Protein chains: 2
Amino acid sequence: MIRLLLAEDHHLVRGAFVALLGAEPGIEVVGETGRGDEAVRLARELRPDVAILDIDMPGLDGLEAAERISREAPGCRVVIVTGHGRPGYLRRAMAAGARGFVGKDNPASVLATVIRQVHDGGRYIDPDLAADALTMRECPLTPRELDTLRAAAGGAPVSRIARELHLSEGTVRNYLSSAVTKLEAENRHAAVRRARDMGWL
Amino acid sequence: MIRLLLAEDHHLVRGAFVALLGAEPGIEVVGETGRGDEAVRLARELRPDVAILDIDMPGLDGLEAAERISREAPGCRVVIVTGHGRPGYLRRAMAAGARGFVGKDNPASVLATVIRQVHDGGRYIDPDLAADALTMRECPLTPRELDTLRAAAGGAPVSRIARELHLSEGTVRNYLSSAVTKLEAENRHAAVRRARDMGWL
DNA sequence: CGGCGGATCTGACAAATGTCATGGTCCGCC
DNA sequence: GGCGGACCATGACATTTGTCAGATCCGCCG
């Protein structure tokens, strides 16, 4: 019997997953939560065989949670499930020690298959998302460029960004300009959007 | 037996919903799709008793689809299910003829309840979302302000927006400025974000 | 060592954006 | 008819943002 931990922020969807997986022979949902930090705590306490983590979660996002679970509950294999096929997410998930990565665009039947495969020591990477991630170049932005982009993401004016990062306004403009050029965007806001789509932000 | 149409873009989630609702006595899923336009077509062809529509869908969003289904398949009661509790969405859903509105934060058990309630001629509005929508003021933007905001949402420069809308650049700047003021934002991009959060965009 | 490349920072200048005063049109209302 | 208010539209001016050339520092390789 595979003991499963389920973390997914939308209660309704989580309940549906329980219904789906509860019908699978050999799989037992031993814990569920809608928060990333809760997921880490439950993984430590319940010691499940496999943890299914959504990426969008309050408290701690699924990737962070995956990293901590891999470290603090080593016996627990992690599968990331996500609705957004951001290439950068897959890369980060692998770095965080995840052994499965599945997009929500897949038919429902794959989920149980992946759980069993990962439980048996295998790995599973969504082929479409893997292709995207491998085609895609790595994030070309420097740390400072990422900092400024992140700070600009909320629509903050340069003056505030400069204050937050303890930089001159000219410098902030420079980093943003550089990021815009590298991402082939028309302005900083299009750059933010693009970086976010790539999962870099 | 309640004949149900299910429209939700994430295949995996849709499958889980089928598993959840399939276990419910008296409910039968007669059709499912991941596209809004498909949902309208299926509603016409299959004449289900109730249609569950997610808002985020390709082809046609759930609110548009709700409106068309109410018109083209009058016997079909529409329930909107959404992950984002945008106040404006609820208002638009009501205007589109929806008879149920449920956030994905609800426990799984409510879904079947709502379906039965709506099928029996009742209505169901998520209490939390209703409270938000009633607290919230209506969208204060004029049609032209909304047009320009929408056009600006992708990060397009004023010059392009002006060309698209056949306006002078000064006029476009004026509308955007007005929208920014009304939304108490710092610049157009923060305004876009805010309008989107409200479900106005 | 010396030179090269890349990252970090800055100010000056050019371009885009935000603000304001203004005028026109339409519509409801007294 | 005349008035007030809301919306639409514009150009001029102030502010913010984007671009560029350059300075400094540091690791790396010949």
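Below, chain A is the first sequence line, B the second, and so on; all start at residue 1. Remember, predicted model here, so these are calculated numbers, not experimental data.
For the pair A:Leu12 and B:Phe17, the minimum side-chain heavy-atom distance is below 4.5 Å. The shortest side-chain heavy-atom distance between B:Leu90 and B:Asp132 does not fall under the 4.5 Å cut-off. Residues B:Asp128 and B:Asp105 form no side-chain contact, since every pair of their non-hydrogen atoms from C-beta on lies 4.5 Å or further apart.
Listed by first and then second residue, the salt bridge (Lys or Arg N to Asp or Glu O under 4.0 Å) pairs involving residues 79-97 of chain A are A:Arg91-A:Glu138 (not counting sequence neighbours).
A heavy atom closer than 4.0 Å to some atom of DNA chain C occurs in no member of residues 190-201 of chain A.
Checking the phosphate oxygens (OP1, OP2) of C:dA7, no side-chain nitrogen or oxygen of A:Thr142 falls inside 4.0 Å.
Residues B:Asp54 and B:Lys104 are paired through a salt bridge, judged by an N-O separation under 4.0 Å between the basic side chain and the carboxylate.
Counting only distance, with no hydrogens or angles, the side chain of A:Asn187 and the backbone of B:Gly155 share a donor-acceptor pair below 3.5 Å. Of the possible donor and acceptor atoms, none in the side chain of A:Ser178 sits under 3.5 Å from a partner among the backbone N and O of A:Asn174. Looking only at distances, no side-chain donor or acceptor of A:Asp120 sits under 3.5 Å from a matching main-chain atom of A:Gly122.
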Please tabulate, one pair per line, all N/O donor-acceptor pairs under 3.5 Å involving side-chain atoms of residues 191-201 of chain B, not counting sequence neighbours.
residue	atom	partner	partner atom	Å
B:Arg193	NH2	A:Ala153	O	2.5
B:Arg194	NH1	B:Leu183	O	3.2

Under 3.5 Å donor-acceptor pairs involving side-chain atoms of residues 69-79 of chain A, not counting sequence neighbours:
residue	atom	partner	partner atom	Å
A:Ser70	OG	A:Ala66	O	2.9
A:Ser70	OG	A:Ala96	O	3.1
A:Arg71	NH1	A:Glu67	OE2	3.0
A:Glu72	OE1	A:Arg44	NH1	2.3
A:Arg77	NH1	A:Val118	O	3.1

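Rounded to whole Å, the distance from OH on A:Tyr175 to P on C:dG11 is 13 Å.
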Take nucleotides 12-29 of chain C nucleotide by nucleotide from the 5' end and write B, S or -, depending on whether a protein heavy atom sits under 4.0 Å from the base, only from the sugar-phosphate, or from neither.
-----BBBBB--------
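Within 4.0 Å of A:Thr171, counting heavy atoms only, lies at least one base atom of the nucleic acid.
Heavy-atom contacts of chain A under 4.0 Å fall on DNA chain D between two terminal nucleotides, which in 5' to 3' order are D:dT17 to D:dA21.
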